Amino acid sequence: MTTTSTETTRRASQGAKTLTPLDLAGGLPSLISDLPTVLRGLRVVRTSRGTDKLSIGRRFQELAASQPDAPFMRFLGSEVSYGEANRRANRVAEVLRARGVRRGDTVGICMVNRPEVMLAILGAVKAGASVGLLNHHQRGEVLEHSQKIIDSKVVLIGAECAEAAESIPREKWLGELIAVGSEVDLPFRDFTAGHRPDELSDLIWLEDELEKLDADAGATNPPEADETLGNETAYYVFTSGTTGLPKASTMSHYRWNRALAGFGLSGVRLKKDDVLLCPLPMYHNNALTVGLGCVLAAGACLAIEEHFSASKFWDQARAARATAAIYIGEICRYLLNQEPGPGDRDHSIRVMTGNGLRPEIWDEFQERFGVDRICEFYAASECNIAFVNAFNVAKTTGYCPMDFAIVDYDPDTGEPRRGADGRLTRVGKGGTGLLISGISDSQPFDGYTDKEATEKKIIRDAFSDGDAWFVSGDLMMDQGLKHASFVDRLGDTFRWKGENVATTEVEAAVSARHEVDQAVVYGVAVPGADGKAGMAAVRLHNKSDFDGAALAEHLRSSLPSYAVPLFIRLSKELEVTSTYKSRKTELREQAFDTSRFDDPLYVLSSDKGYIPFYDGAENDVVAGKA
């Protein structure tokens with residue numbers, strides 16, 4: 001079985017409950033007031049097709065024509081209007097076309113958050129090209145792998161990314177490299193406007209090429225923007241990946257347009273005078289698909305930040321005059337971990353959208369910061385469906401109007417489990433299982449650049465002969481009424497004493513202790529034991545002491561016995577990906593081998609709580625002697 005009654009009960013106690021029509025009724029007033037927008041979004045989701053002529057570039061230039069003076073983008077006190085941004089994007093498109101970029105080519109972009117990265121993205125798609133969004137944190141082998149699989153015709157390299165560019169021998173770069181300067185200082189990176197690093201001295205510069213254009217260049221939109229079909233690739237987003245080399249998932253203009261409708265029109269429902277604060281990197285789907293999609297759905301303004309800062313977040317919101325914001329992963333918990341202050345409610349943000357706000361901190365977050373509405377959603381770069389909390393129901397990833405199923409799975413293989421008849425079994429309301437989504441002409445799976453990797457994510461003949469479903473790899477709780485709650489990533493869930501342990505639940509229990517700043521939970525192999533034992537890497541708040549007895553008592557009272565971690569590792573820093581996901585691979589590999597790290601390590605004893613680890617402790621734990 002995928003879940004036990006104990007697990008289901010525990011999740012319900014944390015807020016992930018099954019829903020009734022009454023649960024949805026509370027959100028109806030705001031939904032009804034926005035009903036025309038909501039219905040328009042649902043209609044687009046249901047009726048748009050990949051063969052339609054629709055693209056990001058076309059949507060943007062239509063807005064630029066209808067509201068040229070409206071603010072489109074804010075950054076560190078500067079502002080760019082829709083009309084100006086469209087003209088500048090058209091000029092970028094002219095330069096790219098002059099360098100040989102044609103419809104269907106790829107333009108790689110490696111830049112930090114600043115106005116030029118958005119103008120480059122818009123310019124590339126308006127020229128009919130796909131955008132390959134390279135992670136500016138990557139170096140060497142990983143970056144080389146990423147740039148090779150998108151096979152760019154041109155790569156735009158930010159001047160601030162000279163170190164990344166130099167981490168790959170120049171001859172191994174695919175496509176012509178063009179450097180892009182910054183018009184403003186970048187304080188977080190200690191980068192001065194106009195600086196041209198020596199490492200990029202052999203490259204041509206985009207701004208030099210733009211200066212060569214006629215003064216009226218950019219006044220006319222490139223024809224490709226109007227001709228691009230929905231099933232053409234808009235951009236490639238790399239999985240942030242806590243394991244292995246990243247894969248490039250494909251985002252078509254069609255999927256982006258449906259996201260604009262589903263998230264922007266039916267879910268978040270911004271108005272024209274709204275300002276959405278986005279501290280997330282543009283190479284992440286939450287920023288480019290959800291953030292930009294919500295803004296362009298309404299013709300609103302996007303306020304981008306260099307990077308996320310928990311201590312400066314509300315200051316940034318006030319400076320940008322933001323009325324909405326986007327989050328991901330642990331950002332909400334990082335904000336909660338800040339010392340309370342008068343600025344917590346001194347802002348204009350009324351709605352926040354993102355994924356990863358855990359049920360156990362939902363109410364506390366909303367109350368402390370006075371956010372009227374949390375539009376949580378579930379989506380993934382490669383997934384062909386999404387859930388969005390359109391009804392303003394607490395502690396849910398929301399509603400999905402598309403074709404999906406939550407099915408029984410084999411916890412040992414992670415594969416959907418087939419019954420005696422060879423078909424899959426839905427878990428039913430209140431059950432936890434593996435999320436899969438139907439693949440059809442109206443709900444296509446764009447896949448990866450790697451065809452073999454694409455096929456591995458598809459299961460066929462699931463419920464009837466010839467059907468095909470995308471396997472998400474995520475465990476979800478079926479809340480009923482086409483709503484679901486995220487439980488865990490299948491790769492993170494582990495099995496101990498015959499039970500499935502969801503790391504998100506254990507992390508929530510550990511993090512509930514006042515002295516804990518951050519916790520990462522994972523399973524480690526123990527010689528002579530079936531399954532994997534729970535281990536938590538914990539970072540304490542400054543000046544906090546570790547109380548092993550108190551922590552053990554707390555966890556034993558809040559978790560089933562099999563879910564209580566057997567090992568606690570105290571870490572000064574817990575590395576995360578650039579999109580705030582914990583890097584667990586190295587932690588799993590090191591396990592309790594103290595020769596591979598210097599952090600203090602503790603083991604769970606039967607009567608004294610967590611005590612310092614000693615030689616052979618893992619064997620005593622398994623044998624019940626600790």
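All values reported here derive from a predicted model rather than from experimental measurement. Heavy-atom basis, side chains included; hydrogens, waters and symmetry copies ignored.
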Would you give the length of the straight line joining atom [atom1] of [X] to atom [atom2] of [Y], rounded to the nearest 0.5 angstrom?
| X | Y | atom1 | atom2 | answer |
| --- | --- | --- | --- | --- |
| Q366 | L357 | CD | CG | 8.5 Å |
| N135 | H284 | CG | NE2 | 10.0 Å |
| Q479 | Y399 | CD | OH | 14.5 Å |
| K272 | Q67 | NZ | CD | 4.5 Å |
| I374 | C332 | CD1 | SG | 6.5 Å |
| T353 | N286 | OG1 | CG | 8.0 Å |

Closer than 3.5 angstrom, by distance alone: can the side chain of [X] be matched with the main-chain N or O of [Y] as a donor-acceptor pair?
| X | Y | result |
| --- | --- | --- |
| E207 | G181 | yes |
| R539 | A519 | no |
| S544 | L540 | no |
| N337 | D517 | yes |
| D344 | G341 | yes |
| S348 | A322 | no |
| S81 | P68 | yes |
| R269 | G267 | yes |
| R74 | A319 | no |
| E376 | G356 | yes |

Side-chain contact test, heavy atoms from C-beta onward, threshold under 4.5 Å: evaluate it for [X] versus [Y] and give yes or no.
| X | Y | result |
| --- | --- | --- |
| Y327 | C278 | no |
| W314 | D346 | no |
| I326 | M352 | no |
| L119 | R114 | no |
| T397 | N355 | no |
| Y82 | V80 | no |
| R368 | P340 | yes |
| E160 | M111 | yes |

- Candidate pair H483 and F391, rule side-chain contact (heavy atoms from CB on, under 4.5 Å), full reasoning: CA-CA 10 Å; H483 281 66; F391 292 92; 3.8 Å; yes
- Message: Does the structure place the NZ or CZ of R569 under 6.0 Å from the centre of the six-membered ring of F597, at an angle of no more than 45° from the ring's axis?
- Response: yes
Quick one: are the ring centres of [X] and [Y] less than 6.0 Å apart?
| X | Y | answer |
| --- | --- | --- |
| F313 | Y334 | no |
| Y235 | W256 | no |
| F369 | H347 | no |
| F60 | F72 | yes |

Looking at every heavy atom in both [X] and [Y], which two are closest together, and how far apart are they?
| X | Y | answer |
| --- | --- | --- |
| A259 | T289 | CB-CG2, 3.4 Å |
| G430 | T18 | CA-CG2, 3.5 Å |
| V45 | G262 | CG2-N, 3.9 Å |
| A120 | V92 | CA-CG1, 4.3 Å |
| M477 | T432 | CB-OG1, 4.0 Å |
| H541 | V516 | NE2-O, 3.2 Å |

- Determine, step by step, whether R318 and D315 satisfy the salt bridge (charged side-chain N to carboxylate O under 4.0 Å, His left out) criterion, reporting the C-alpha distance in whole Å, the side-chain angles of both residues, the deciding distance to 0.1 Å, and the verdict. CA-CA 5 Å; R318 284 185 285 274; D315 292 333; 2.5 Å; yes
- Message: side-chain contact (heavy atoms from CB on, under 4.5 Å), that's the test. Do V506 and L559 meet it? Break it down for me.
- Response: CA-CA 7 Å; V506 183; L559 293 170; 4.0 Å; yes
- Item | Lys/Arg-Asp/Glu bridge criterion (N-O < 4.0 Å) met for K17, D23 | yes
Do the rings of [X] and [Y] sit parallel, tilted or perpendicular, given the 30° and 60° boundaries?
| X | Y | result |
| --- | --- | --- |
| Y283 | H136 | perpendicular |
| F377 | F263 | tilted |
| F188 | H307 | parallel |

- Item | Partner of L156 under side chain to side chain contact (heavy atoms under 4.5 Å, CB included), chosen from I121, V180, L134 | V180
- Dump the intermediate steps for side-chain contact (heavy atoms from CB on, under 4.5 Å) on M282 and V112, then the final yes or no. CA-CA 8 Å; M282 284 301 149; V112 305; over 6 Å; no
- Message: So for atom CD, which belongs to E163, do other residues, nucleotides or ligands contribute more than 12 heavy atoms lying within a distance under 6.0 Å?
- Response: no
- Would you indicate whether E79, at its atom CD, is surrounded by more than 12 heavy atoms from other residues, nucleotides or ligands within a distance under 6.0 Å? yes
- In T323, D34, T37, the residue satisfying side-chain hydrogen bond (donor to acceptor under 3.5 Å, both in side chains) with K271 is D34
- Query: Any side-chain donor-acceptor pair under 3.5 Å between D547 and Y610?
  - Reply: no
- Message: Between D185 and T192, do the side chains contain a donor N or O and an acceptor N or O under 3.5 Å apart?
- Response: no
- Passes side-chain hydrogen bond (donor to acceptor under 3.5 Å, both in side chains), N389 versus T396? Steps please. CA-CA 7 Å; N389 188 14; T396 177; 5.6 Å; no
- Message: If you apply the rule side-chain contact (heavy atoms from CB on, under 4.5 Å), what do you find for R358 with E507, and how did you get there?
- Response: CA-CA 10 Å; R358 295 181 177 182; E507 287 169 354; 2.8 Å; yes
- Task: Given ring pair (Phe, Tyr, Trp, His ring centres under 6.0 Å), test F546 with Y602 step by step and report yes or no.
- Result: CA-CA 10 Å; F546 179 69; Y602 295 81; 4.5 Å; yes
- Given R556 and E553, is the salt bridge (charged side-chain N to carboxylate O under 4.0 Å, His left out) satisfied, shown in steps? CA-CA 5 Å; R556 282 169 169 154; E553 181 180 1; over 6 Å; no
